[in-house]
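Notes for the one structure printed next.
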Amino acid sequence: MQIINDISQMQCISREAQKNGKKVACVPTMGYLHEGHASLIDRARENADLVIVTLFVNPTQFAPNEDFESYPRDVEHDTRVAESHGANYIFAPDVKKMYPIGYQSYVSVERVTQKFEGEKRPSHFRGVATVVAKLFNATLPQVAVFGRKDYQQTLVIKQMVRDLNFPIEIIIAPTIRESDGLAMSSRNKYLSQGDRAKSSILFLAIEDARHAIESGELSRVAINSIMLRTLRSVPEIKIDYIAAADAETLDEPEIFLPGESIVLLLACYLGKTRLIDNAVVTIPNQLNEKNFIEGI
Ligand code: AMP
């Protein structure tokens with residue numbers, strides 16, 4: 001495995017591989033790789049001949065009050081993880097090469113970025129869409145793999161790829177979790193031992209809502225109340241947002257329809273650490289026998 005820092009060298013490598021009939025996959029990351037990232041590399045390997053993992057902590061997706069400077073970085077560890085999962089290249093460009101003095105072009109995806117993460121972190125998705133477009137142009141992949149962990153981000157990327165005609169297949173891989181349900185994240189490292197023990201409450205809140213939906217709950221307000229009640233069992237949790245929304249449009253009707261796919265979205269603070277999680281649940285088409293009996 002080779003580490004490439006130079007953008008034009010990366011483009012040459014990808015073009016050359018494709019000239020030789022190889023399919024190229026890109027796995028964009030901000031590094032500090034964990035098993036969630038590793039699962040994306042595995043998925044890329046299954047779908048391509050040459051896998052490029054990008055490591056770039058992207059300043060344009062962090063607000064000035066956020067953790068860009070302190071974001072965890074460990075290139076040696078990342079190299080070991082990427083290599084052991086069969087990546088062929090790490091692409092780790094310098095910030096000054098990605099955003100040289102005089103830089104002034106940004107990608108702005110509109111409707112799908114308005115709510116939830118986009119509302120709480122106003123410049124975040126502009127930074128994400130811009131850097132992903134740039135990483136696509138540097139690695140020239142035919143396939144790119146993203147994690148469902150960042151649910152709204154997957155919608156933004158898919159929209160950008162459609163709207164701007166990137167000839168790239170986007171694969172979304174499932175969220176990898178710790179044994180207690182906490183979604184893996186590079187930021188979990190910030191959690192104190194005490195907060196770490198409480199952090200699985202996000203997953204439990206989602207699971208409680210999922211069970212209610214699978215048992216016939218259709219009301220958005222009721223679904224949100226279930227998540228809220230579970231989260232409140234940990235008084236230290238500060239809720240940034242809770243939502244149940246249509247999984248494709250992110251619309252929030254009062255009542256969901258049978259057969260509709262909905263996404264449960266949570267963002268919470270534990271101490272100073274911001275955690276996000278989500279799950280996609282399909283509203284059952286018919287009430288099962290248990291609901292029927294309870295309904296009587
Ligand atoms: P990040 O390094 O946090 O920007 O994430 C890079 C990619 O890894 C994104 O596509 C994330 O959605 C994905 N990812 C992060 N955590 C997980 C996880 N626990 N399971 C699956 N994918 C993840």
Side-chain angles (χ1 to χ4, degrees), residues 25-47 51-63 66-68 70-75 77-79 81-82 85 87 90-93 95 98 109 112 116-117 121 124-136 139 141 143-161 166 168-191 196 199-200 202-203 206 263 265-267 273-280:
C26 172
V27 180
T29 82
M30 296 206 297
Y32 211 71
L33 302 183
H34 50 66
E35 285 172 45
H37 298 115
S39 75
L40 307 187
I41 303 173
D42 293 343
R43 194 67 182 270
R45 275 236 66 86
E46 289 160 22
N47 285 277
V51 175
I52 304 167
V53 176
T54 74
L55 300 184
F56 183 65
V57 185
N58 173 39
T60 65
Q61 71 190 69
F62 290 79
E66 291 182 347
D67 56 345
F68 172 69
S70 60
Y71 195 83
R73 293 160 169 91
D74 187 343
V75 178
H77 161 81
D78 293 345
T79 307
V81 173
H85 284 266
I90 281 182
F91 175 56
V95 173
M98 289 289 271
V109 181
V112 71
F116 311 134
E117 283 299 287
R121 305 179 69 192
H124 175 65
F125 284 128
R126 177 179 184 256
V128 168
T130 301
V131 81
V132 170
K134 286 175 69 66
L135 293 170
F136 284 171
T139 59
V143 181
V145 187
F146 293 85
R148 182 161 292 140
K149 156 81 174 19
D150 298 276
Y151 185 81
Q152 196 174 1
Q153 173 174 287
T154 66
L155 298 183
V156 173
I157 302 297
K158 286 195 275 189
Q159 189 70 44
M160 177 186 81
V161 163
F166 280 100
I168 301 172
E169 180 195 352
I170 302 298
I171 296 176
I172 308 299
T175 302
I176 304 298
R177 299 175 179 281
E178 303 286 357
S179 54
D180 65 351
L182 174 67
M184 289 189 182
S185 164
S186 307
R187 289 190 168 100
N188 292 351
K189 165 190 191 315
Y190 299 148
L191 292 167
R196 171 64 191 87
S199 57
S200 62
L202 276 80
F203 176 68
I206 285 175
V263 61
L265 294 160
L266 294 183
T273 310
R274 187 169 186 273
L275 302 171
I276 59 171
D277 204 349
N278 71 82
V280 175

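In this text, all values refer to a predicted model and were calculated from it rather than measured experimentally. Counting starts at 1 for both ligands and their atoms, in listed order.
Note: I170 CD1 to F136 CZ = 4.0 Å, rounded to the nearest 0.5 Å.
Ring geometry for F62 against Y71 counts as perpendicular: the plane angle is over 60°, on a 0 to 90° scale with 30° as the lower cut.
Residues L266 and L275 form no side-chain contact, since every pair of their non-hydrogen atoms from C-beta on lies 4.5 Å or further apart.
Among protein heavy atoms, the minimum distance from atom 21 (C) of ligand 1 is reached at P174 O, 3.4 Å. Among protein heavy atoms, atom 22 (N) of ligand 1 sits closest to G147 CA, 3.5 Å. Nearest protein heavy-atom neighbour of atom 23 (C) of ligand 1: K149 CB, 3.9 Å. For atom 1 (P) of ligand 1, the nearest protein heavy atom (residue, atom name, distance) is H37 NE2, 3.6 Å. What sits closest to atom 20 (N) of ligand 1 on the protein, heavy atoms only, is I176 N, 2.9 Å. Looking at atom 11 (C) of ligand 1, its nearest protein heavy atom turns out to be D150 OD2, 3.1 Å. Nearest protein neighbour of atom 4 (O) of ligand 1, counting heavy atoms only, is M30 CG, 3.6 Å.
Contacts of L40 with ligand 1, taken as heavy-atom pairs under 4.0 Å, involve the side chain alone. For H34, every heavy-atom contact with ligand 1 shorter than 4.0 Å involves the side chain, none the backbone. By the criterion of a heavy-atom distance under 4.0 Å, neither the backbone nor the side chain of S186 is placed next to ligand 1. The backbone of P28, and not its side chain, has at least one atom closer than 4.0 Å to an atom of ligand 1 (non-hydrogen atoms only; backbone = N, CA, C, O).
Where the criterion is an N or O separation shorter than 3.5 Å, residue side chain and backbone included, A183 fails it with respect to ligand 1. Considering backbone and side-chain atoms alike, R148 places every N or O at 3.5 Å or more from each N or O of ligand 1.
Under a 4.0 Å N-O distance rule, the pair E66/R121 qualifies as a salt bridge.
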